[in-house]
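Inspection log for the structure reproduced underneath, given as structure tokens.
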Amino acid sequence: MPEAVAFWIDEPGVAALRRQPIAAAGDGEVLVRTRYTGISRGTEASVFLGRVPGSEHERMRAPFQEGDFPGPVKYGYLNVGVVEQGPDALRGRTVFTLFPHQSAFVVPADAVVPVPRGVPARRAVLAGAVETAVNVLWDAAPLIGDRVTIVGAGMIGCCVARLARGIPGLDVVLVDVDASRRAVADRLEVGFADPGDAPLGRDLVINTSGSEAGLQLALASVVTDGEVIEASWYGDRPVTLALGADFHSRRLTIRSSQVGAVAGRRRGTRTPRDRLTLALELLQDAAFDALLTGDSPWGDLPAVMADLATGRSTALCHTIDWTDAS
């Protein structure tokens, strides 16, 4: 039986590459040979460090996860590969799959989504981030002419900013403590500010920073009677906010957005597959290449994951090249 190479987290902070058997594709299935996987830094760092709360173990399961939190667990969901076996309509096509870091795998044919021919395979790993950004904007529902701030210029924040920029009349500003993200904002053609210079009186503020300071800044930045969309996920970290100043007098609202379910405004008319298909179409925009700031061969994945989780690397989206994995 053929084998594939897979990335496993044995216990918090300890990972390894292992070989495991894969079966031939049966009726209604496809065999995919992976070209690239992407690391979803915020979520995968929490998984790698064992910071998924017990209450979220089931909700946090990836579609093709093996094992359980905190480990051993095989986790991930940004996979782009080529169909080697399967229906004629898919054979030879580049596809995106919500599959972990693994060199080859077999899944039901309806679990893969073809990548548009105008989207390079490496850029296509951003489909999960763009899908999240679509959901955030469906939740946020910005209006023409709105002044919009996104706090946190990570992968999700940058995707939200680029998509929001396409809405006529929006003034979009990314805010981040890392001044080097200004260059990324320039490539995305949106404004940039450090927290000390963040504009006030914003019609809509979206927090993707994953920090309580970022959420506090979002509350300070939004207009009276305004709404902050909280798109961060904190894992098991507690969050403390100062709500005793003008939070009540200005009648502010904090509302969560999470990609696990289609935003309520579209849930009756769009499926998760519709949302993912849209995200892949939107990736025909070459500006998203600004987010691909790191790339490594598959053999380096355990070290790369450790560097990202512990902050030694600050890559936005780090891709893993599986081209020569057998």
Side-chain angles (χ1 to χ4, degrees), residues 116 118-119 126-176 181-182 184-195 197-209 214-215 217-232 246 250-259 261-272 274-291:
V119 179
L126 292 167
V130 175
E131 181 187 13
T132 300
V134 167
N135 214 52
V136 168
L137 289 171
W138 281 350
D139 275 324
L143 301 176
I144 290 174
D146 272 358
R147 298 159 299 177
V148 179
T149 290
I150 297 100
V151 181
M155 186 165 64
I156 301 302
C158 286
C159 287
V160 172
R162 181 62 182 177
L163 294 185
R165 173 196 169 276
I167 300 172
L170 256 65
D171 173 38
V172 180
V173 174
L174 272 168
V175 176
D176 201 277
R181 297 291 163 87
R182 183 183 297 274
V184 177
D186 288 344
R187 292 181 62 185
L188 297 175
E189 300 180 306
V190 299
F192 181 85
D194 63 47
D197 294 324
L200 304 179
R202 308 297 279 179
D203 299 300
L204 175 66
V205 181
I206 298 166
N207 182 43
T208 66
S209 70
L215 181 52
L217 176 63
L219 290 168
S221 301
V222 75
V223 294
T224 296
D225 290 314
E227 182 174 77
V228 170
I229 300 295
E230 175 54 275
S232 304
D246 62 357
R250 293 208 296 130
R251 302 182 62 82
L252 303 181
T253 299
I254 303 172
R255 186 156 61 89
S256 67
S257 179
Q258 204 270 344
V259 73
V262 172
R265 288 186 171 95
R266 295 292 179 269
R267 200 169 301 160
T269 58
R270 301 290 194 280
T271 66
D274 292 334
R275 189 180 59 186
L276 181 55
T277 300
L278 172 60
L280 284 162
E281 290 289 342
L282 292 168
L283 279 168
Q284 295 187 74
D285 178 1
F288 284 107
D289 287 341
L291 309 187

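Scope of the values below: all heavy atoms of this structure, side chains included, with no hydrogens, waters or symmetry mates.
With sequence neighbours excluded, the residues forming a side chain to side chain contact (heavy atoms under 4.5 Å, CB included) with Ala279 are Val130, Glu131, listed by chain and number. The salt bridge (charged side-chain N to carboxylate O under 4.0 Å, His left out) search around Asp197 returns none, not counting sequence neighbours. For Arg266, there are no salt bridge (charged side-chain N to carboxylate O under 4.0 Å, His left out) partners at least two apart in sequence or on another chain. Residues passing the side-chain hydrogen bond (donor to acceptor under 3.5 Å, both in side chains) test with Asp186, sequence neighbours excluded: none. When the salt bridge (charged side-chain N to carboxylate O under 4.0 Å, His left out) test is applied to Glu189, the partners found at least two apart in sequence or on another chain are Arg162, Arg165. Take Arg181 and apply the salt bridge (charged side-chain N to carboxylate O under 4.0 Å, His left out) test, not counting sequence neighbours, and it matches Asp178.
Among all heavy-atom pairs drawn from Ala220 and Leu200, the shortest one is O-CD2, 3.7 Å. The nearest pair of heavy atoms linking Leu170 to Ala164 is CD2-O, 3.5 Å. The two residues Val259 and Asn135 make their nearest non-hydrogen contact at CA-ND2, 3.8 Å. The two residues Thr208 and Gly157 come nearest to each other via the heavy atoms OG1-CA, 3.3 Å. The two residues Leu188 and Ala287 come nearest to each other via the heavy atoms CD2-O, 3.7 Å. The two residues Gly145 and Asp203 make their nearest non-hydrogen contact at O-OD2, 4.4 Å.
Taking CD from Glu230 and CG from Leu215, the interatomic distance works out to 5.0 Å, rounded to the nearest 0.5 Å. Rounded to the nearest 0.5 angstrom, Leu252 CG and Asp225 CG are separated by 8.0 Å. Atom-to-atom distance recorded for Glu227:CD and Leu204:CG is 7.5 Å, nearest 0.5 angstrom. In this structure, the separation between OG on Ser256 and CG on Asp139 is 7.5 Å, given to the nearest 0.5 Å. Considering CZ of Arg275 and CZ of Arg270, their distance stands at 12.0 Å, rounded to 0.5 Å.
Under a 4.0 Å N-O distance rule, the pair Asp171/Arg202 qualifies as a salt bridge.
Side chains of Thr132 and Cys159 form no contact here, defined as non-hydrogen atoms less than 4.5 Å apart. Pro199 places none of its side-chain heavy atoms less than 4.5 Å from the side chain of Arg147.
In this structure, the side chain of Arg250 engages the main chain of Val222 through a donor-acceptor pair within 3.5 Å.
Between Asp274 and Thr277, the side chains place no donor N or O within less than 3.5 Å of an acceptor N or O (distance only, hydrogens not considered).
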